[in-house]
There are 2 protein chains.
Amino acid sequence: MTDQPTQTERIIISVDAMGGDSGPSVVVAGIAKSADKNPKIGFILHGPEQVLRKLVAKRRVLDGRVVFRDCPDVVTMEDKPSQVVRSGKNTSMWSALEAVRQGEAHGAVSCGNTGALMAMSMLRLRKLPGVNRPAIAILWPSRNPHGFNVMLDVGADVRADAKDLLQYALMGASYARNGMALGRPRIGLLNVGTEEHKGRAELKEAHSMIADFSDQANFEFVGFVEGSDIPGNKADVIVTDGFTGNVAIKTGEGTANLIGDLLREAFKYSPLSRLASILAITSLNRLKKRIDPRRVNGGVFLGLNGTVVKSHGGADATGVSAAVKLAFTLAESGFAEKLAARVASTAALAQDAAHSASQSE
Amino acid sequence: MTDQPTQTERIIISVDAMGGDSGPSVVVAGIAKSADKNPKIGFILHGPEQVLRKLVAKRRVLDGRVVFRDCPDVVTMEDKPSQVVRSGKNTSMWSALEAVRQGEAHGAVSCGNTGALMAMSMLRLRKLPGVNRPAIAILWPSRNPHGFNVMLDVGADVRADAKDLLQYALMGASYARNGMALGRPRIGLLNVGTEEHKGRAELKEAHSMIADFSDQANFEFVGFVEGSDIPGNKADVIVTDGFTGNVAIKTGEGTANLIGDLLREAFKYSPLSRLASILAITSLNRLKKRIDPRRVNGGVFLGLNGTVVKSHGGADATGVSAAVKLAFTLAESGFAEKLAARVASTAALAQDAAHSASQSE
């Protein structure tokens with residue numbers, strides 16, 4: 001018999017069982033997948049306890065690995081963030097964040113309303129000292145050797161000034177080091193062209209600020225990159241404001257979905273093409289896996305006192321499990337503490353740099 | 001023998017033969033393709049006359065259909081727009097626009113430097129009365145019955161305020177009517193969510209201004225749309241600022257290219273998948289044609305006194321021919337005149353609306 005870690009030795013992930021499109025059964029199926037693969041993981045599960053206990057009881061692998069927190073209320077996709085932060089104390093989302101805040105869990109995962117989750121996270125976990133705007137970072141299929149780029153912000157805030165963009169670069173570099181094991185990540189700043197004279201004023205300012213920090217923050221700054229570099233191999237981390245980042249990922253996802261649907265149509269067209277699709281099924285499945293968003297499901301909230309992973313609202317068990325794995329990897333690497341230290345040490349320097357830049361103008 | 005129109009009865013397109021990545025031979029091959037398909041088209045060709053005469057002489061179909069304008073200089077992709085507008089008088093790009101300005105041609109096509117072409121077009125053709133910022137509109141593969149959406153602005157200007165976005169909506173609706181024969185196009189305003197409370201302040205303002213104009217400008221306003229709707233079937237015209245639009249199309253293109261490359265790799269993987277790719281080749285080619293950007297090559301500059309089509313710098317003969325066809329279609333429909341009339345009639349009303357909106361705040 002192998003020695004199983006006890007619940008106190010495990011890394012505990014706080015999981016909001018409610019608020020996703022498919023309900024708590026998919027979330028429980030997802031954590032069961034994670035538990036099966038990873039003996040070092042344990043859970044605090046938030047939602048209506050009676051319902052959750054029944055679902056968990058069906059999964060042997062979850063025996064003794066789940067603590068329940070009974071919450072009567074649910075944040076829906078339609079709820080406004082501003083209302084939820086006032087009246088959401090009895091929701092599973094609030095409770096899931098509270099477990100991180102109290103130090104009972106090493107990270108939180110939710111499939112719920114993104115805006116509400118960010119607003120609640122900012123209220124309960126608070127921003128790291130030195131961070132003005134937290135960001136949401138996602139992974140995007142790319143031509144990189146590791147197959148994915150980090151992009152941030154993809155929608156925490158619709159605005160970002162030059163200092164925010166510098167913070168995103170620092171946080172993104174830290175995430176790439178801890179979440180993707182890249183020693184010296186390449187950082188690119190998203191613009192409409194790669195020439196230094198192009199783009200908005202705040203981008204030119206951010207360009208010079210990020211360049212100044214590349215040595216001490218141990219990243220390589222590749223300068224301006226374009227939309228085509230998001231799925232490319234020029235940078236590992238793409239820095240942009242939350243409006244542009246959100247539109248870019250949704251355009252990319254939409255285009256990929258359209259191509260996928262047209263490809264399926266094309267293979268259904270004639271008996272010959274149907275035969276071809278049968279012969280090619282292994283290759284096509286390999287391709288599908290390579291760019292499957294479920295494999296990298298999870299936007300990470302950066303810049304808070306604690307790790308929060310936002311899983312896709314429509315995630316299935318595989319997707320939930322991927323989000324849980326991401327939260328686990330970051331918790332295991334001590335990411336939250338490293339990021340806090342990194343931001344604290346550079347925040348003062350960034351202010352100095354901004355100060356001297358404004359004086360020299 | 002069929003009656004061929006004479007050069008004076010033809011619709012004349014002014015073509016900049018230089019500045020593309022592949023040189024003038026591809027441009028001449030492209031106009032030859034157009035001439036072959038369309039007896040009603042004639043050309044004024046701008047560039048080094050000796051070189052161009054030799055290339056044109058090889059194409060029988062161009063006999064008597066090309067007038068040459070000798071220009072010693074070329075605008076390169078590296079030239080800065082601000083320099084080109086000062087010192088570019090002897091370039092083929094300048095000359096191509098001049099032919100439109102003088103009324104000798106019904107529209108211009110260039111494969112050259114986008115920024116330089118826009119700066120020169122604004123200087124020589126001038127903005128339409130009532131237009132603050134011209135825009136570049138492109139077609140994007142979508143789930144629409146007609147297969148493509150219009151998106152603007154995709155890079156004429158990195159900024160756009162609420163009034164500019166309203167102008168884009170009016171110009172995009174006019175373009176969809178004349179270039180795509182849509183009687184009452186559906187207009188969507190790009191945002192990070194579809195709820196009315198979301199997004200930047202100028203978007204909320206633009207939302208109410210565009211809604212106010214939908215009846216008199218004869219379009220249907222579908223409200224806010226997201227990046228996923230750019231390749232979707234919710235709107236025919238997607239309105240956004242040039243920064244966001246540029247990043248979105250480049251992200252979409254890059255993602256499509258990545259999927260295409262991975263698909264090719266997948267089909268090369270095993271003998272079975274290679275066989276499958278041979279069996280599926282007709283279906284795959286049909287798919288490729290459906291989303292081939294060359295078929296809809298050409299960004300149209302809207303808001304100027306005259307029609308200018310920017311062909312992709314890397315366009316091949318098929319791409320150049322598609323851009324020429326677009327310029328021809330718009331010229332034949334009297335688009336430039338209709339757009340000018342539309343903008344003039346609504347500009348005054350828009351100012352009134354903005355005025356009363358600011359008073360009511």
Side-chain angles (χ1 to χ4, degrees), chain A residues 78 80 115 140-143 155 158-159 190-193 195 197-200 226-232 240 242-244 246-263 265-270 272-273 275-284 286-287 290-291, chain B residues 78 80 115 140-143 155 158-159 190-193 195 197-200 226-232 240 242-244 246-263 265-270 272-273 275-284 286-287 290-291:
Chain A
E78 289 71 39
K80 283 197 186 181
W140 188 256
S142 79
R143 295 176 197 269
V158 291
R159 294 148 304 172
L190 191 60
N191 198 350
V192 293
E195 300 89 350
H197 63 89
K198 281 206 172 179
R200 295 166 168 162
E226 302 181 84
S228 50
D229 297 314
I230 297 174
T240 189
F243 187 89
T244 310
N246 185 278
V247 168
I249 60 160
K250 285 180 180 166
T251 306
E253 278 174 357
T255 303
N257 287 339
L258 174 64
I259 295 174
D261 288 353
L262 293 173
L263 196 60
E265 267 174 44
F267 275 122
K268 278 186 197 150
Y269 188 77
S270 69
L272 210 59
S273 63
L275 175 61
S277 73
I278 294 165
L279 294 179
I281 198 148
T282 318
S283 300
L284 291 175
R286 202 179 306 113
L287 165 64
R290 166 79 168 77
I291 57 170
Chain B
E78 289 71 38
K80 283 194 187 181
W140 188 257
S142 80
R143 296 176 196 268
V158 292
R159 294 149 303 173
L190 191 60
N191 198 350
V192 294
E195 301 88 350
H197 67 269
K198 281 207 172 178
R200 296 166 167 162
E226 301 183 84
S228 50
D229 297 313
I230 298 174
T240 187
F243 186 90
T244 310
N246 186 279
V247 168
I249 60 160
K250 286 180 179 165
T251 305
E253 278 174 357
T255 303
N257 287 338
L258 174 63
I259 294 173
D261 288 353
L262 293 173
L263 196 60
E265 267 174 46
F267 275 123
K268 278 185 197 152
Y269 189 77
S270 68
L272 210 59
S273 62
L275 175 61
S277 74
I278 294 166
L279 294 179
I281 198 149
T282 318
S283 300
L284 290 175
R286 199 178 310 113
L287 166 63
R290 167 79 169 75
I291 58 170

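In the text below, chain A, chain B and the rest are named by the order of the sequence lines, each starting its count at 1.
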For each of [options], tally heavy-atom pairs with chain A at distances under 4.5 Å, and name the one with the top tally.
| options | value |
| --- | --- |
| B:Lys268, B:Lys80, B:Glu265 | B:Lys80 |
| B:Asp229, B:Ile249, B:Thr240, B:Asn191 | B:Asn191 |
| B:Leu190, B:Val192, B:Val158 | B:Val192 |

Next on the checklist: What part of A:Ile230 gets within 4.5 angstrom of chain B, counting heavy atoms only: side chain, backbone, both, or neither?
Outcome noted: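 Just its side chain gets close to chain B.
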Checklist entry - A:Thr255: what forms a side chain to side chain donor-acceptor pair (under 3.5 Å) with it, not counting sequence neighbours? => result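 In terms of side chain to side chain donor-acceptor pair (under 3.5 Å), with neighbours along the sequence ignored, A:Thr255 is linked to no residue.
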Next on the checklist: Restricting to side chain to side chain donor-acceptor pair (under 3.5 Å), what partner residues turn up for B:Asn246, sequence neighbours left out?
Outcome noted: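 Only B:Lys250 meet the side chain to side chain donor-acceptor pair (under 3.5 Å) criterion with B:Asn246.
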Item to check | Validation row: B:Leu263, A:Leu263 side chains within 4.5 angstrom (heavy atoms) | outcome: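 Yes, their side chains come closer than 4.5 Å.
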Checklist entry - Any idea which heavy atoms bring B:Gly254 and A:Pro231 closest together, and the distance? => result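 Closest heavy-atom pair between B:Gly254 and A:Pro231: C-CG, 3.4 Å.
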